[in-house]
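The figures here come from the full heavy-atom set of this structure, side chains too, leaving out hydrogens, waters and symmetry mates. Remember, it's 1-based here, ligands and their atoms both numbered in the order they're listed.
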Amino acid sequence: MKIPFNLPSIAGKEIEHIKNAIERGQLAGDGHYSRQCHAWLKEFTGVHASLLTHSCTAALEMASILLDIGPGDEVIMPSFTFVSTASAVALRGGVPVFVDIRPDTLNLDETLIADAITPRTRAISVVHYAGVVAEMDAIGAIARQHDLAVIEDAAHAFGSKYHGRAAGSIGDMAAFSFHETKNIIAGEGGALLLRDATYNERAEIIRDKGTNRQKFFRGQVDKYTWVDIGSSYLPGELIAAFLFGQLEQVHRIQNERMGYWTRYDKALHGYRSQGIGLPNIPSHCTHNAHLYYALMPDCETRQEMIRRLQLEEIFAPFHYVPLHTAPAGRRFGRAASDLAVTDAIAQRLLRLPLYPGMGNDAVDRVIERFGRHLEDIL
Ligand SMILES: Cc1ncc(COP(=O)(O)O)c(C=O)c1O
C-alpha cells in the first residue's frame, strides 16, 4: 500500500462548475465563479472583502505593495515558514527580520517581538503553523503600540479559529492558499482578505495590473486606465469554478481530515513520554487538521524515520529549511536574535500523510509502521 503525503481529490461539483464556467463563455478572471467565491469567503470569515489570487504568494506580494513596504523597511516574521512570507517583503526591497518560534505551537513567539522592533519596522507577518492560530491578541497589542500593520499568512489555517474568530479575519490583511497541498484546493490558488475598508480600493487596483478596471466594470468611471503599480494577481474562472466546488464541501472535507488527525493523535499520544513531540492545541484555538506532525528527538532519528517509512512507500516529509539559514534568507533578511527553537524544530519535525480519501486503514498503517520503527530507532 503506497501512501503519499498528500493526494488532491474532487470533493463535489468541481467538474460541473468548470463545465458551467466554459458554457458561460467567460474564462478570464472575476466572472460568475470568482464572485461566488468572494462572497462565500467574506461570509465564512466575516471580513470586509476577499479577493481571489492565483496563489498565497501573490496575496502576500499584494500585502507588501498595499503597505508600501520599500527599501530598508523591516517586517518581523518567523524563520520557520515557507519562502513566500519573506520573498514578498524582499521583492519590495524590504528586510525580513526573523524571530524565533514558540516550542509548543511552532508559531511566532510573541514575547520576542518587542525586542526585534526598530525604527524601520513596518509590519508583523504571522504564520499560523499547521492551522493553529498564533497569539493574535498579544501580537495585535504590540502592533497597536508601535503602529505596525499585522499580516496573517494563513496559508495553513483555512477554517481555523482563535477565541472564536476566523483565521484570516484578525490581522489588517491575510493570505489564504488553495494550493493542492492545503485543506481547500484549486491546484494553485489563494486569496487576499481585508479586515476592513482601509485597503479595499487600492487592493482592487493592484490586483488588476494597476488599473481602475473594477471601477469601470461597476460603471463608476467611463474608461479605465493605469493608476498605480500592480500586477496580474487574479486567477482565471476555471480555477474559481474548481475552488467553489471545494468550498461547498468544506464541512465534509474538514471533518474527514479531523477524523484522521484525531486518529493519529490518540494512537501516538503515548510516545510523548518517550520524547516524541506532537501538536499542542491551545484551548482558545480551534484548528483545521491541516497537518499532523511528530518531533523526533534529533535530526538523525528524524532522517532515519523518513528513510524507513519511504522504503515502505509511506511519504512523511520534513518541514522548512529555516529561512535565516537559506542563501536568500541570509542575503535579504536577518535574524533578530539566536533562533534556537527554530533550528531545533526544523531538524526534528516530520509530517505524516493526511488527505481526504486517505481512509482509516492507511492512517492505521502509518501509525503501526511509525511505532514499529520508533522502537528500533530510539
Ligand atoms: C506558510 C506558507 N505561506 C505561503 C505559502 C505559499 O502558498 P502558495 O503555494 O499558495 O503560494 C505556503 C505554501 O505552502 C506556506 O506554507
Asks: Provide the number and element of each atom of ligand 1 under 4.0 Å from a heavy atom of Tyr320.
Replies: 1 (C), 15 (C), 16 (O)
Asks: In terms of atom number and element, which parts of ligand 1 are under 4.0 angstrom from non-hydrogen atoms of Gly189?
Replies: 10 (O)
Asks: Please step through salt bridge (Lys or Arg N to Asp or Glu O under 4.0 Å) for the pair Lys215 and Glu201, ending with a clear verdict.
Replies: CA-CA 9 Å; Lys215 269 192 169 171; Glu201 187 174 343; 2.8 Å; yes
Asks: Assess whether a salt bridge exists between Asp137 and Arg165, defined as any Lys/Arg side-chain N lying under 4.0 Å from an Asp/Glu carboxylate O.
Replies: yes
Asks: Only heavy atoms of Ser55, strictly under 4.0 Å: list the atoms of ligand 1 that pass.
Replies: 10 (O), 11 (O)
Asks: Determine whether any heavy atom of Ser84 lies closer than 4.0 Å to an atom of ligand 1.
Replies: yes
Asks: His324: what forms a ring-ring contact (aromatic ring centres under 6.0 Å, His included) with it, not counting sequence neighbours?
Replies: none
Asks: Suppose we screen for side chain to side chain contact (heavy atoms under 4.5 Å, CB included). Which residues come up paired with Ser232, at least two apart in sequence or across chains?
Replies: Lys209, Leu234
Asks: Does any N/O atom on Lys182 come nearer than 3.5 Å to any N/O atom on ligand 1?
Replies: yes
Asks: Between Tyr162 and His284, how do the two ring planes meet: parallel, tilted or perpendicular, split at 30° and 60°?
Replies: perpendicular
Asks: List ligand 1 atoms under 4.0 Å from Cys56, heavy atoms only on the residue side.
Replies: 4 (C), 6 (C), 7 (O), 8 (P), 10 (O), 11 (O)
Asks: Tell me: protein heavy atom nearest atom 5 (C) of ligand 1, and distance?
Replies: Phe82 CD2, 3.4 Å
Asks: With a heavy-atom distance limit of 4.0 Å, tell me whether Val127 approaches ligand 1 through its side chain, its backbone, both, or neither.
Replies: side chain
Asks: Indicate whether the side chain of Glu152 and that of His128 have a donor and an acceptor atom separated by less than 3.5 Å.
Replies: yes
Asks: Can you tell me the protein heavy atom closest to atom 3 (N) of ligand 1 and the distance?
Replies: Asp153 OD2, 2.7 Å
